[in-house]
Chemist: 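For reference, the structure I am asking about is given below.
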4 protein chains.
Amino acid sequence: MTAMDTITYRPARDELAYTFGGRMPVAHVRSGDILQVHTEDCFGGLVRGPADLPSQVCRMPYLNPVSGPFFVEDAEPGDTLAVHLAAITPARNWGVSSTFPHFGALTGTFHTATLQPPLEERVWVYDIDRHAGTVRFHATASDHCVDLPLDPMIGTIGVAPGGFEARSTIVPDSHGGNLDTPQLRAGTTLYLGVNVHGAMLALGDGHARQGEGEACGVGVEIATTTTLAIEVIKSTPTVWPRLETDTSIMSVGCARPLEDAYRIAHRDLVAWASTLTGLDELDTYQLVSQAGRAPIGNVCDPNYTALAAVDKTLLPDPTAAYTGVHARLRQRAAGRG
Amino acid sequence: MTAMDTITYRPARDELAYTFGGRMPVAHVRSGDILQVHTEDCFGGLVRGPADLPSQVCRMPYLNPVSGPFFVEDAEPGDTLAVHLAAITPARNWGVSSTFPHFGALTGTFHTATLQPPLEERVWVYDIDRHAGTVRFHATASDHCVDLPLDPMIGTIGVAPGGFEARSTIVPDSHGGNLDTPQLRAGTTLYLGVNVHGAMLALGDGHARQGEGEACGVGVEIATTTTLAIEVIKSTPTVWPRLETDTSIMSVGCARPLEDAYRIAHRDLVAWASTLTGLDELDTYQLVSQAGRAPIGNVCDPNYTALAAVDKTLLPDPTAAYTGVHARLRQRAAGRG
Amino acid sequence: MTAMDTITYRPARDELAYTFGGRMPVAHVRSGDILQVHTEDCFGGLVRGPADLPSQVCRMPYLNPVSGPFFVEDAEPGDTLAVHLAAITPARNWGVSSTFPHFGALTGTFHTATLQPPLEERVWVYDIDRHAGTVRFHATASDHCVDLPLDPMIGTIGVAPGGFEARSTIVPDSHGGNLDTPQLRAGTTLYLGVNVHGAMLALGDGHARQGEGEACGVGVEIATTTTLAIEVIKSTPTVWPRLETDTSIMSVGCARPLEDAYRIAHRDLVAWASTLTGLDELDTYQLVSQAGRAPIGNVCDPNYTALAAVDKTLLPDPTAAYTGVHARLRQRAAGRG
Amino acid sequence: MTAMDTITYRPARDELAYTFGGRMPVAHVRSGDILQVHTEDCFGGLVRGPADLPSQVCRMPYLNPVSGPFFVEDAEPGDTLAVHLAAITPARNWGVSSTFPHFGALTGTFHTATLQPPLEERVWVYDIDRHAGTVRFHATASDHCVDLPLDPMIGTIGVAPGGFEARSTIVPDSHGGNLDTPQLRAGTTLYLGVNVHGAMLALGDGHARQGEGEACGVGVEIATTTTLAIEVIKSTPTVWPRLETDTSIMSVGCARPLEDAYRIAHRDLVAWASTLTGLDELDTYQLVSQAGRAPIGNVCDPNYTALAAVDKTLLPDPTAAYTGVHARLRQRAAGRG
């Protein structure tokens, strides 16, 4: 293993990216490096109070900026990029959420087109108490407030898509992107198939927390400092994003309708679990059908995100996935402290 | 409150029902009664080993039998029937699962019609060890086996639908029915809107456990003895099924595509939580968006089932739902021991 | 062939039916008979002007009444009932349409649940000029008016479903029901699989015309006198409704999402056309893919309706479907004049 | 008006494009010009007989090539590009179709993920007789053949998307792209919103004909010489593609599930027709609901395509759309002969 470097990156405002693909790299990293990245929130930091209505202070397509892309040396199409989320630290002591006209699960939208006027656009500002581990919700129409657990996650992370495409950072798909799932918290390793030379990793859109499905279309949006440990797994293709934690393996599907996201994730998990258990496809299908969980990511973005998960207790060797890279990266990131 | 009776019911084979609605009651019960019901498995007990292929030993429409209906005295349209699941006990020391031709999430089906031949039909028999609390999976193509937690649930429970309808027990909808969600385990109270005089409660289709979405279309199917405590909540309509546990409230949506089930459940939970918190609709939408969970029930039945859940810690008074009936029924069922 | 009878039926108000299945027959007919039926409009005739808002003058579930059911002698499960629509005559010189709260394709609905308030409820009254063959639209917010072609059709026609079910007349499914497709005009023969002894045919919900998809959820609703010629085709099952005209054969699919309705209809048409052409399945799939049409019925009812159609010019023998019953019934109905 | 030029373009093989956006222009054109473009078929001309299985002879992502992009001078974001399809001439006397593994409406796919093996991959070669106006289907498993009407169309045409995106030519969306609708035949004017300076028009993927929905995923694929007349309509945004013929106006929606494509198209048509008739939104919704047609484009691509259409007879002035550009371009293209 080569010596490990720590690369720190904080984008200037005009360095923020709004697509995966179609951009020049902001830095080069090597397999084995630790990457510490500052990410802006999905509004570019422009929504700071009730008067900052997103549809007024933000300008399309300058939404959901990501930091990057990072050129990962040695990453080639057909490889897999393992990205361990070592730490996700809120950069400020507040986060912000909102409704947004014709966006979200419980409203007519650009795609689920109706003739109804949009819901009222409103902003919520949350207090973040890192010490207490809480996110405080304040009602806008009354003085009710309530604390929710702080559970920081990265909403948007991915690599350049294949086929010469460049995709908006609003979109989740097989290259990752705006996955918007609470499972992308610290302690998780994300596997992404490499589509272009250098992989071109980028990330942003931190959430202090979000509900499953992100019903109103917006999480508790935060800027973050996020620490990643990365490794290139050579000659190992990955079709859809996969996740690994100390206790679970998970496959991700992105599609509409939502059942197709469920199908993609489950078919992929059946294939993965079959490899790790040695069971044939139908036996694995059966086992996943009884033991599987189906965490929902988002039900508001251009593609919806669903996950399929099983506990590692089902696997003969819980460290076998991708040649044990999860444990390796976890340790490397910890050693860094 | 009237004195509590315990009614025990074990159907003869020719008493099993295959619809909600359109049937005469098998027994009368009163609000406050305890009901102990034997339920057959979804195959009518006919699938007992690898050679019993469901498509051969079962005959349509004699699938997914339920026990009942029970006429609940005093239950009228506009009321809500609260059904507390006090105990779900597997009736045998084995359960059974299978693939079924053109049924399940990862295959073309009757509705998602394709030209591909069906997947191989295969049967899995599980050992149930109530003492150890395990369900043992045995692979069919190898000698691999693995224990999963025993987590008994009722797959199918509901009342007669309105509008003079009678619905197949395969179908989940606003009257309940084949909800197929692991959340219907012991300790949960289910709220169902009453559509017809007497409500006409029925249940069946126990699972020793199932994964979220029931990917292959079949859980670990069991016969059960299920103990229910019931109460009629007068003049309180319930549009979609709701669930309450000691720690959560949940709304249920049944629809295709799956995002509509998600939408139904979330809209209902927003309305319910708004009532319980006093927040206005948009504040509640925001709170649920950050704090909500979205457990998936089934992604294989004629309607899919999705739930929306929040923890009771968000509620000013965690016992306020439906005038505290959950705690009341829980206690009554326990006192019965 | 037995002597042909003409049966005339005009329901009293309290004879109208609101389900397919679960009802006693209003009359018995025999294969070969002509049936002349008066049908009420979908509002039961209660919406007659701008002030008659449907949500106020109609009461659930007393919507979309059908006339029947008719017990067809000799019709048994496994047979097909052929119903030739010989004539559909508007019963009045006006028809009516409306928006309806949270119903229709361009609004949040009961199933596509949103938090937005409903669209304004409004009624439109159309003049029907049978002589000129026109339906006159009058704007409500201006004095604009325009004539559309009169193209009468039956929105709701079906038999009792199987499996002991009774389904609301709002629902289209494999038993027929609220298909809401303009293709159900005079000159068309409808094939329905028989699920119960006597078939139990019923119909209603005439439209002076409707657009494809019935976007606002309501056609130009009319009462009609409809003339049918019927025949039982023994020992010939039909899974999904099929249609035949002088020039086309069509299969009907009812499902959500809309692509599943498309899939059902196309898979069925591939099977049907394969039988009629002698082509193998893949050759037929190819031919239908290039020659097929996909008329949309409704995109507003509990199931959506899509059709798959090909011209009879593709068939070696254009009269071969169901042993030529279309031509036979057409002739019989004409001979009746 | 400036003098009209005719620009002719025939791409070399390595000039073919596989995205909309992300490419340098191959030529510059001006508003008012006539453009004559050679387009290759969706297989790049590599499938010429039964032995040329597409999955073997084609290599991802080199599928569905387009000719272009053309830089349209003076076209700026906020303008509309009008593209009149003056002529679409098959370049060869044959066309080709196929099944393709896990692609098409009647099979599990990459997105509708199932565990079933793909359908057999097979190639069909059609004879094109331009004189007779026919496309001849030859069965592969028998010697059956049948003539279908020749009805040439362009499957893929669009401009660069906004938001710095580059999209695969397989995808239809608001920028146009792989719309795959038979309505894109000669005589039609297509309106596309301009997203980037120069619009960057490109086209390809001709079909000798296709069925509605393109069920098997592949039309009768041809190379073409296509003649376009173009004009820039300044300061007139167009959100979704629109079409105009001598007799109809049509809006296009691209989305999954298919009902969302229907909704998009219908909402857009309501807005457009409201402008052209002066009716308010609800009156237009009503009129379109009774008079509208809903032609289906594709039910196989990453987004499905549905159209909403009404006859111009409903419009006070049938030539009013986009200041009469359809008639103007039609005439200009004809004058060229």
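Fair warning: this is a prediction, and the values are worked out from it, not measured in the lab. Numbered from 1 within each chain, the chains take letters A, B, ... in sequence-line order.
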Chemist: Given heavy-atom pairs under 4.5 angstrom as the criterion, report whether the side chain, backbone, both or neither of R122(C) touches chain D.
Modeler: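 Contact with chain D is through the side chain of R122(C) alone.
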Chemist: Counting only heavy atoms closer than 4.5 Å, note whether P149(C) contacts chain D via side chain, backbone, both or neither.
Modeler: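 For P149(C), neither part sits under 4.5 Å from chain D.
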Chemist: Among the options G278(C), S97(C), S142(C), pick out the one with the most heavy-atom pairs lying under 4.5 Å from chain D.
Modeler: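 Counting heavy-atom pairs under 4.5 Å, the top option is S97(C).
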Chemist: Check whether the side chains of T188(D) and Q183(D) place a donor and an acceptor atom closer than 3.5 Å, and report yes or no.
Modeler: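 No - no donor-acceptor pair under 3.5 Å links their side chains.
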Chemist: If you count heavy-atom pairs under 4.5 Å between each of C216(C), P257(C), G217(C) and chain D, which one has the most?
Modeler: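 When all of C216(C), P257(C), G217(C) are compared, C216(C) has the most.
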Chemist: Shorter than 4.5 Å, heavy atoms on both sides: which option in G219(D), G213(D), G211(D) has the most such pairs with chain C?
Modeler: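 Of the options given, most contacts go to G211(D).
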Chemist: I'd like to verify something: which residue of Y304(C), Y285(C), F137(C) has the highest number of heavy-atom pairs under 4.5 Å with chain D?
Modeler: Y285(C)
Chemist: Side chain from CB out, backbone as N, CA, C, O: work out which of these in E214(C) comes under 4.5 Å of a heavy atom of chain D, or both, or neither.
Modeler: backbone
Chemist: Given V171(D), which of N178(D), N303(D), N64(D) fulfils the side chain to side chain contact (heavy atoms under 4.5 Å, CB included) condition?
Modeler: N303(D)
Chemist: What part of V270(C) is in contact with chain D, defined as an atom under 4.5 angstrom from a non-hydrogen atom: side chain, backbone, both or neither?
Modeler: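 Side chain of V270(C) only, per the 4.5 Å heavy-atom cut-off to chain D.
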Chemist: Where on E281(D) is there a heavy atom nearer than 4.5 Å to chain C: the side chain, the backbone, both, or neither?
Modeler: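 Neither part.
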Chemist: Just give me the residue among L282(C), D280(C), D147(C) that pairs up with chain D most often, heavy atom to heavy atom, under 4.5 Å.
Modeler: L282(C)
Chemist: Are T140(D) and D283(C) linked by a side-chain donor-acceptor pair shorter than 3.5 Å?
Modeler: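 Note: T140(D) and D283(C) side chains meet the donor-acceptor criterion.
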Chemist: With respect to chain C, which residue among V146(D), L148(D), L287(D), T112(D) yields the maximal number of heavy-atom pairs within a distance under 4.5 Å?
Modeler: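 Among the listed options, the one with the most contacts to chain C is L287(D).
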Chemist: In terms of heavy-atom proximity below 4.5 Å to chain D, should L279(C) be classed as side chain, backbone, both, or neither?
Modeler: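 Only the side chain of L279(C) comes within 4.5 Å of chain D.
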Chemist: Can T134(D) and D129(D) be counted as having a side-chain donor-acceptor contact under 3.5 angstrom?
Modeler: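 The criterion, which ignores hydrogens and geometry beyond distance, is not satisfied for D129(D) and T134(D).
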Chemist: Heavy-atom distances under 4.5 Å only: say whether V310(D) touches chain C with side chain, backbone, both or neither.
Modeler: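 No part of it gets close to chain C.
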Chemist: Under a 4.5 Å heavy-atom cut-off, does chain C meet the side chain of P182(D), its backbone, both or neither?
Modeler: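 The answer is neither part of P182(D).
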Chemist: Testing the 3.5 Å rule here: is there a donor-acceptor pair between the side chains of Y262(C) and E212(D)?
Modeler: no
Chemist: In terms of heavy-atom proximity below 4.5 Å to chain D, should V299(C) be classed as side chain, backbone, both, or neither?
Modeler: side chain
Chemist: How long is the gap from NE2 on H207(D) to CE on M153(D), to the nearest 0.5 Å?
Modeler: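 Those atoms lie 5.0 Å apart.
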Chemist: Should D246(C) and K312(C) count as an ion pair when the cut-off is N to O under 4.0 Å?
Modeler: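 Salt bridge flag = no for K312(C) with D246(C).
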